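Heads up: the structure comes next, in structure tokens.
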Amino acid sequence: MNAKSVTLWWRRFISIIGVGYCALISWFSYLSIFYEISIPNKVTFCLALSTISLLSLAAMLYSRFQILTRLVGLLLLLAAFPLILLCFGEWELIVPIAITALLIFFLSGTGETIKTIFGVIYLLLYILGSLAYFMLISFFAGSTQQVVLESGTSPSEAYRYEMIQTDDSSGGYIEIHVEPNDRDIQLPLISFIAVGYDRTVYLERPASSEDAHVQWSTVSREEITQQLLAISENVELDLSAEQKAILGIAADTKDVYLKDITDEQLAQLGVPEENDVLTFRGEVYFRTYIAVLEDYFAFDSRESTLLD
């Protein structure tokens, strides 16, 4: 194998770095749809991301005539679009990625005709897409003011909550939201905070001036079962087909009652032995027991950050 062939294969190998960089940006864009980005040390993160982007750009320029690098040069601006749109204002994240995407788009070995076509498409995408997004945000954004009165985590730290007061022309209202606390993604220098799982467990309108605080306790599975059956012997469970299969119940069975489920079967369904229970003003509004059985925080029911 002569030197020219070695150089060619080396450039092909180096072009894989560009693919990896594009995959990283695509992953970040995906996460920006379902997570809020938190960057504790912005300067350190910016330096780290700039170094990664610079090294990736150098590798892509070195292999700019390889097919993989040409594809990356065309696709990187598209991959970065959701990230730039949804994280607008996080300049330490956006600027290194945007500069890298623009430079490789113009300097890759792709033909000028293709660059012109894709350039026009991306220009329209960024202008019209951004305009539509910010108009939509402005349309849904109300004139209300929200204040977080209280926040924290449950005793097991499996859940976090916020008590929010919203002031509006109708006297305002108070809400208590609960969401899982174990679905964040922690990376070096950057964290992705899971959102879209919020479940409103308490709503009061108009907002009361009474000073009250959220209280958490830990209650056993067996005790909660007894409490629920004391309220009614005909407590009906809304089980999914998968949950029914675990219990050996036919999927077309319509009525499943708590009184017919044993403690061992509840454990099979994932109900923990010790459950977090949220109480507000003397009333119970959230139990891990019920959250697990009714799958409160299913992934397919979560909302994205697009309109946040």
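Please read these numbers as outputs of a predicted model, since none were measured by experiment.
Under the 4.5 Å side-chain heavy-atom criterion for Ile, Leu, Val, Met, Phe, Trp and Tyr, L107 and I14 are members of the same hydrophobic cluster. With hydrophobic clusters built from ILVMFWY side chains whose heavy atoms lie under 4.5 angstrom apart, L83 shares a cluster with L187. Cluster membership check: I52 does not share its hydrophobic cluster with L54, using side-chain heavy-atom separations under 4.5 Å among Ile, Leu, Val, Met, Phe, Trp and Tyr. Cluster annotation: F28 is connected to W91 through the hydrophobic network of ILVMFWY side chains, with a link wherever side-chain heavy atoms come within less than 4.5 Å. Under a hydrophobic-cluster definition in which Ile, Leu, Val, Met, Phe, Trp and Tyr are linked whenever side-chain heavy atoms come within less than 4.5 Å, directly or via other members, I99 and F81 are assigned to the same cluster.
Within 6.0 Å of CG in D238 there are 12 or fewer heavy atoms belonging to other residues, nucleotides or ligands. For CD of E294, the number of neighbouring non-hydrogen atoms (other residues, nucleotides, ligands) closer than 6.0 Å is greater than 12. Other residues, nucleotides and ligands place no more than 12 heavy atoms under 6.0 Å from the CZ atom of F13.
Here the CE atom belonging to M60 is positioned 8.5 Å from the SG atom belonging to C22, to the nearest 0.5 angstrom. With values rounded to the nearest 0.5 angstrom, L86 atom CG is found 6.5 Å from I33 atom CD1. I193 CD1 to D184 CG: the interatomic distance, rounded to the nearest 0.5 Å, is 4.0 Å. Put simply, CG on L102 and CD1 on I97 are 12.0 Å apart, with the number rounded to the nearest 0.5 Å. E223 CD to Q227 CD: the interatomic distance, rounded to the nearest 0.5 Å, is 5.0 Å. Within the model, atoms CG of L47 and NZ of K42 stand 13.5 Å from one another, a figure rounded to the nearest 0.5 Å.
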Original post:
When you look at I39 and E92, which way does the side chain to side chain contact (heavy atoms under 4.5 Å, CB included) test go after all the steps?
Top reply: CA-CA 9 Å; I39 305 175; E92 66 282 353; 3.4 Å; yes

**OP:** Could you give me the CA-CA distance, side-chain angles and deciding distance for V214 and L278, then say whether side chain to side chain contact (heavy atoms under 4.5 Å, CB included) is met?
**Re:** CA-CA 7 Å; V214 171; L278 181 151; 3.7 Å; yes

**OP:** Assess whether side chain to side chain contact (heavy atoms under 4.5 Å, CB included) is satisfied between R199 and F297, documenting all intermediate values.
**Re:** CA-CA 8 Å; R199 185 176 183 91; F297 306 111; 4.0 Å; yes

Subject >> Step-by-step side chain to side chain contact (heavy atoms under 4.5 Å, CB included) determination, L229 to L258 >> reply: CA-CA 8 Å; L229 292 179; L258 178 60; 4.1 Å; yes

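When atom types are taken as modelled, the side chain of T279 and the backbone of G282 share no donor-acceptor pair closer than 3.5 angstrom. E179 places no side-chain N or O within donor-acceptor distance of the main-chain N or O of V195, the cut-off being under 3.5 Å. Judged by distance alone, with hydrogens and angles left aside, the side-chain atoms of T253 form a donor-acceptor pair with the main-chain N or O of A250 at under 3.5 Å. Without hydrogens or angle criteria, R12 side chain to W9 main chain gives no donor-acceptor distance under 3.5 Å.
Using a 4.5 Å heavy-atom cutoff, the side chains of M163 and I174 are in contact. Contact annotation: the side chain of V292 never approaches that of L269 to less than 4.5 Å [non-hydrogen atoms, C-beta and beyond]. For the pair I164/H177, a side-chain contact is recorded, criterion being any heavy-atom separation below 4.5 Å from C-beta on. Between Y35 and I185, some side-chain heavy-atom pair lies under the 4.5 Å cut-off. With contacts defined as side-chain heavy-atom distances shorter than 4.5 Å, the pair L266/Y289 qualifies. By the 4.5 Å heavy-atom criterion applied to side chains, L76 and F105 are not counted as neighbours. Side-chain contact between T218 and V277: absent, with no pair of heavy atoms (C-beta onward) separated by less than 4.5 Å. The closest side-chain heavy-atom distance from L49 to F45 is below 4.5 Å.
Classified by interplanar angle (parallel below 30°, tilted 30° to 60°, perpendicular above 60°), the ring pair W216/Y159 is parallel. In this pair, F192 and W27 present their aromatic rings tilted. The plane angle is within the 30 to 60° band.
For R11 and F65, the positive end is not near the middle of the six-membered ring at less than 6.0 Å and at most 45° from its axis.
Minimum heavy-atom separation, A158 to D276: CB-OD2, 4.3 Å. Residues S56 and Y21 approach most closely at OG-CD1, 3.3 Å, considering heavy atoms. Between I94 and C87, the shortest heavy-atom distance links the atoms CD1-O, 3.1 Å. For S15 against Q66, the heavy-atom pair with the smallest separation is CB-CB, 4.1 Å. Shown here for L228 and I290, the closest heavy-atom pair between the two residues is CD1-CD1, 3.8 Å. Closest heavy-atom contact between H213 and F280: O-CD1, 3.7 Å.
Note on K259 versus E233: no salt bridge recorded, every NZ/NE/NH1/NH2 to OD/OE distance being 4.0 Å or above. A salt bridge is absent between R160 and D198; no separation between the charged side-chain nitrogens and carboxylate oxygens falls under 4.0 Å. Salt-bridge annotation for R221 and D263: present, with a side-chain N of the basic residue lying under 4.0 Å from a carboxylate O of the acidic one.
In summary, the side chains of S191 and Q186 do present a donor paired with an acceptor at a separation below 3.5 Å, with no hydrogens or angles considered. For the 3.5 Å distance criterion, the side chains of S63 and T69 qualify, holding a donor opposite an acceptor. In summary, the side chains of Q165 and D167 do present a donor paired with an acceptor at a separation below 3.5 Å, with no hydrogens or angles considered. Between the side chains of R281 and Y202, at least one donor N or O lies within less than 3.5 Å of an accepting N or O. Between the side chains of N275 and T288, no donor N or O sits under 3.5 Å from an acceptor N or O. Side chain to side chain, N181 and T153 fail the donor-acceptor criterion of an N or O pair below 3.5 Å.
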Per-pair distances, 0.1 Å, donor-acceptor, side chain in residues 110-118, under 3.5 Å, sequence neighbours excluded:
{"unit_1": "T110", "atom_1": "OG1", "unit_2": "S108", "atom_2": "OG", "d": "3.4"}
{"unit_1": "K115", "atom_1": "NZ", "unit_2": "F106", "atom_2": "O", "d": "2.7"}
{"unit_1": "K115", "atom_1": "NZ", "unit_2": "S108", "atom_2": "O", "d": "2.9"}
{"unit_1": "T116", "atom_1": "OG1", "unit_2": "E112", "atom_2": "O", "d": "2.8"}

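The six-membered or imidazole ring of F34 lies near that of Y30, with a centre-to-centre distance under 6.0 Å.
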